[in-house]
Number of protein chains: 2
Amino acid sequence: MAKVDLKTLARELGVSVSTVSKALQDSHEISAETKARVMELAQQLHYQPNPYASSLRRQQTRNIAVIVPEVINHFFSLAIDGIESVAQASHYHVLIYQTHDSRAKEASICQHLQSGRTDGIIISLAAEPQDFTHLLQMHERGIPLVFFDRVCPLIDTARITTDDFASGFNATAHLLQQGAKRVAYLSLAPHLSIDRQRQEGYLEALRQQNLTALAQVVYCGTHETEAQQAIGQLLHSPHPPDGIFASVEKLALATYAVCQAQGWQIPQRLKVVGFANLPTAHLLNPPLSTVVQPAFAMGQQAAQTLFTCLKTRRPIPAQNVTLSAVLEPRGSSQGFGLGKTTGR
Amino acid sequence: MAKVDLKTLARELGVSVSTVSKALQDSHEISAETKARVMELAQQLHYQPNPYASSLRRQQTRNIAVIVPEVINHFFSLAIDGIESVAQASHYHVLIYQTHDSRAKEASICQHLQSGRTDGIIISLAAEPQDFTHLLQMHERGIPLVFFDRVCPLIDTARITTDDFASGFNATAHLLQQGAKRVAYLSLAPHLSIDRQRQEGYLEALRQQNLTALAQVVYCGTHETEAQQAIGQLLHSPHPPDGIFASVEKLALATYAVCQAQGWQIPQRLKVVGFANLPTAHLLNPPLSTVVQPAFAMGQQAAQTLFTCLKTRRPIPAQNVTLSAVLEPRGSSQGFGLGKTTGR
DNA sequence: CTGTTAGCGCTTTCAT
DNA sequence: ATGAAAGCGCTAACAG
């Protein structure tokens with residue numbers, strides 16, 4: 001089937017290209033009758049305007065980029081789901097990029113995105129230690145940037161997060177309340193905004209119970225096997241914990257894997273709470289107590305913020321939007337003789 | 001920071017735009033010295049060619065579209081992971097679209113993609129019953145199309161699938177071998193290619209044991225609550241099954257949820273096998289026996305096929321690529337007195 | 001109300 | 001080896 005462009009329509013109708021263009025945009029300077037004729041033919045020939053030709057003129061692509069560590073993480077896929085939903089409704093298109101937590105990949109992606117391929121970027125940072133020059137560069141170039149979850153504190157733009165300090169505090173307090181005495185904190189990457197704040201909350205909860213001396217922060221990293229090793233060592237240390245607060249989903253699962261392999265009973269010997277957006281949390285053995293972030297809503301919020309600014313051609317305001325995460329206590333943190341947790 | 005384009009570089013270096021353009025493409029008609037100067041300045045000013053300007057000239061965007069039912073399904077996110085990996089290596093960019101299993105949404109997305117926004121499309125079909133006119137239309141327009149998993153039999157192009165018949169057969173045979181007598185098949189959408197074939201395999205396994213009379217196919221649909229209702233009814237029917245083969249992950253989890261709610265013991269009372277790419281399958285209670293599809297590899301394969309054709313400007317050949325899924329028996333299907341399954 | 005014209009930033013003949 | 005010029009498909013002044 002031959003390609004159909006404005007010229008085709010114009011020729012067919014015996015009018016000029018610009019008339020057709022204006023008619024299709026429902027411009028007030030075109031007669032109703034002409035508009036109708038144009039619309040009809042366009043419909044009939046399945047005319048679709050070439051977005052990149054118009055992008056070139058208007059200097060906007062209606063594409064945005066989403067950069068995440070990895071799409072197979074349920075938190076990020078939920079966020080992408082939220083972003084995509086809003087995008088579809090707002091007639092934007094979503095380009096996906098994964099960093100796999102590598103700073104180099106993140107920088108390279110950002111480098112490529114200076115080209116004008118997208119109108120804006122939604123990003124959650126890689127875990128690898130970084131300087132932020134690639135991000136600063138984009139920001140200086142005026143490319144609209146929205147952060148979610150793993151934000152960059154140095155760049156003044158929109159940041160969508162959850163109340164990580166409060167979540168860290170609550171999760172830890174819950175473990176203590178259920179009878180844990182020595183609660184360890186499993187850290188993903190200590191320079192990451194979310195990790196720092198969750199850890200702060202954890203420490204504050206210990207402080208309030210005068211348990212600061214028993215604080216134990218374990219760096220686990222982003223690799224599954226390393227994480228399991230670190231956790232294994234922790235369990236075999238002279239003073240092993242009786243509670244674990246996993247700062248991210250991956251580490252909660254690593255904890256389960258290690259406990260299963262070594263026959264540590266959860267929650268009898270070790271109580272566990274972890275950040276997680278697992279659809280199977282309540283089906284695990286035992287059901288995993290989770291801190292659930294509103295990932296979908298965070299994605300929506302990030303997209304909404306970005307699109308609003310793009311449409312009004314305003315720069316992204318430097319604002320922090322903080323949503324609430326909720327603690328869902330289940331069997332993995334259940335204390336005994338207290339009868340407070342529901343187990344489900 | 002000001003935007004830097006070819007004209008900027010040309011002006012700065014005192015050469016013409018076309019010289020710069022050719023130099024950047026390492027054309028043989030440009031002197032080594034000039035090339036060096038151009039490259040250096042480009043580097044220095046962080047020049048990035050505007051992809052859509054060049055797209056307009058060359059008629060290719062280096063964008064591809066991926067259309068899936070939903071990104072939060074682990075199978076699809078793994079496939080996207082595979083696609084994105086290959087894309088990044090091949091310097092393609094990936095646009096993501098979700099149909100949420102709606103035919104209308106799928107059609108609308110396809111409609112928009114006739115515009116030239118992408119060079120090609122990788123798609124896994126929505127579950128909702130459909131006519132395929134929107135797909136046929138794209139195919140007729142010459143838009144390169146690759147299907148994976150949920151393919152369209154009517155369109156002659158590349159199709160990446162797993163051996164669904166064999167998987168259906170094996171899963172069912174395994175359940176029978178573990179002692180199940182009445183095995184039910186949970187269907188997502190019977191007109192879907194994968195569903196039909198898995199079902200065929202299931203029926204064949206029954207046939208070989210002369211159990212065709214006990215076959216029971218239950219239509220569960222795409223909605224969680226409906227599915228749970230259907231499964232609940234099944235368990236309360238006059239002759240409830242003692243084995244269930246769930247054709248997709250969602251239905252396996254729905255089965256667990258119903259059994260948990262109603263106190264049906266798995267595998268004692270009901271043995272379960274399901275297609276699933278869950279990272280938590282072995283941590284469930286009991287560990288879920290799964291048919292695991294090589295989702296990542298399927299994504300890679302789909303992307304590779306597409307990019308190869310795009311680069312050589314050849315149309316996509318009508319070929320079926322079939323990868324193998326593997327049955328991983330775990331506790332949920334374990335028989336007794338047989339001692340064959342490992343439980344993990 | 002409609003048409004003419006000049007680009008958006010880039011590639012690519014075709015001259016020089 | 002370099003440059004001038006046309007044009008990808010569309011939009012937006014500006015004229016008429």
Side-chain angles (χ1 to χ4, degrees), chain A residues 2-39 41-42 45-63 91 112-119 141 313, chain B residues 2-39 41-42 45-63 91 112-119 141 313:
Chain A
K3 147 190 67 181
V4 28
D5 56 12
L6 281 187
K7 222 190 294 183
T8 318
L9 297 182
R11 196 185 327 112
E12 208 75 16
L13 293 166
V15 295
S16 81
V17 169
S18 62
T19 302
V20 178
S21 171
K22 286 174 194 158
L24 289 171
Q25 290 169 78
D26 202 21
S27 158
H28 55 271
E29 28 178 290
I30 300 292
S31 75
E33 193 219 356
T34 308
K35 275 184 198 169
R37 289 178 58 218
V38 171
M39 294 295 192
L41 187 64
L45 301 185
H46 298 291
Y47 169 74
Q48 287 291 128
N50 181 314
Y52 299 133
S54 103
S55 134
L56 203 54
R57 259 318 298 242
R58 301 215 231 200
Q59 305 286 29
Q60 55 146 325
T61 63
R62 299 199 81 84
N63 285 163
H91 305 289
H112 284 295
L113 289 179
Q114 316 247 359
S115 63
R117 190 176 286 272
T118 68
D119 296 344
R141 286 227 174 177
R313 301 187 155 283
Chain B
K3 145 192 69 180
V4 26
D5 56 12
L6 281 187
K7 222 191 291 183
T8 317
L9 298 182
R11 196 185 325 114
E12 209 75 15
L13 293 166
V15 296
S16 80
V17 169
S18 58
T19 301
V20 177
S21 172
K22 286 173 193 160
L24 289 171
Q25 291 170 79
D26 201 22
S27 159
H28 55 272
E29 30 179 286
I30 300 294
S31 74
E33 192 220 355
T34 308
K35 275 185 198 170
R37 289 179 58 220
V38 171
M39 294 295 192
L41 186 64
L45 300 185
H46 299 290
Y47 169 74
Q48 288 290 128
N50 181 313
Y52 299 133
S54 102
S55 135
L56 203 54
R57 260 315 300 242
R58 300 212 222 192
Q59 305 288 28
Q60 55 146 324
T61 63
R62 300 198 81 82
N63 285 163
H91 304 290
H112 283 295
L113 290 179
Q114 316 247 0
S115 62
R117 191 176 286 272
T118 67
D119 295 345
R141 287 227 173 177
R313 300 186 155 283

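Side-chain atoms are counted along with the backbone in the values below, which use heavy atoms only and exclude waters and symmetry mates. Convention: sequence-line order gives letters A, B, ...; per-chain numbering from 1. The model shown is predicted, which means the values in this text are computed figures rather than measured ones.
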| remark: Taken to the nearest whole Å, NZ/A:Lys3 to P/D:dG7 is 14 Å
| note | Taken to the nearest whole Å, CG/A:Leu9 to P/D:dT11 is 12 Å
| message | OP1 or OP2 of C:dT2 versus the side-chain N and O atoms of A:Ser16: is any pair under 4.0 Å? | response | no
| query | What integer distance in Å separates A:Arg57:CZ from D:dA13:P? | reply | 8 Å
| field | Closest to side chain of B:Ile30, choosing from D:dG9, D:dA12, D:dT2 | value | D:dT2
| field | Distance in angstrom units between A:Leu13 CG and C:dG3 P, rounded | value | 10 Å
| query | With respect to the side chain of A:Ser18, which nucleotide from D:dG9, C:dT11, D:dA12 is positioned closest? | reply | D:dA12
| field | Gap between atom CG of B:Leu24 and atom OG1 of B:Thr19 - 0.5 Å precision | value | 10.5 Å
| said: With nearest nucleotide decided by heavy atoms, which residue, B:Lys22 or B:Gln48, maps closer to the 5′ end of DNA chain C? | reply: B:Gln48
| Atom CZ of B:Arg11 to atom P of C:dC10: distance rounded to whole Å? | 12 Å
| First of B:Val17 and A:Val15 reached from the 5' end of DNA chain C, by closest nucleotide | A:Val15
| task | From the options D:dG9, D:dC10, C:dT11, select the nucleotide whose nearest atom is closest to the side chain of B:Ser21. | result | C:dT11
| field | Earlier contact from the 5' end, DNA chain D, for B:Gln59 and B:Val20 | value | B:Val20
| remark: Taking D:dG9, C:dC1, D:dA12 as options, the one with an atom nearest any side-chain atom of A:Glu29 is C:dC1
| request: Looking only at side-chain atoms of A:Thr19, point me to the closest of C:dT2, D:dT11, C:dC10. | output: C:dT2
| query | What is the distance from CZ of A:Arg58 to P of C:dA6, rounded to the nearest Å? | reply | 22 Å
| Looking only at side-chain N and O atoms, does B:Thr34 come under 4.0 Å of OP1 or OP2 in D:dT2? | yes
| query | Hey, mind stepping through A:Gln60 and A:Arg313 against side-chain contact (heavy atoms from CB on, under 4.5 Å) and telling me if it holds? | reply | CA-CA 10 Å; A:Gln60 55 146 325; A:Arg313 301 187 155 283; 4.1 Å; yes
| task | Whole angstrom is fine here: how far is it from NZ in B:Lys7 over to C1' in D:dG3? | result | 16 Å
| said: Are A:Leu56 and B:Asn50 packed together at the side-chain level, in the sense that at least one heavy-atom pair is separated by less than 4.5 angstrom? | reply: yes
| message | Treating A:Arg62 as the side-chain partner and A:His91 as the backbone partner, does any N or O pair qualify as donor plus acceptor under 3.5 Å? | response | yes
| query | Within the structure, does a side-chain N or O atom of B:Tyr47 lie under 4.0 Å from either OP1 or OP2 of C:dC10? | reply | yes
| field | Donor on one side chain, acceptor on other, A:Thr118 and A:Asn63, under 3.5 Å | value | no
| Which of the following nucleotides, C:dT11, C:dC8, D:dC10, is nearest to the side chain of A:Leu56? | C:dC8
| query | When the distance from CG of A:Leu24 to P of D:dG9 is rounded to whole Å, what number comes out? | reply | 16 Å
| Steps toward side-chain contact (heavy atoms from CB on, under 4.5 Å) verdict (A:Lys35, A:Asp26) | CA-CA 7 Å; A:Lys35 275 184 198 169; A:Asp26 202 21; 3.0 Å; yes
| request: Counting heavy atoms from C-beta on, name the nucleotide in D:dA12, D:dG9, D:dT2 closest to the side chain of A:Asn50. | output: D:dG9
| field | Side-chain N or O of B:Lys35 closer than 4.0 Å to phosphate OP1/OP2 of D:dA1 | value | no
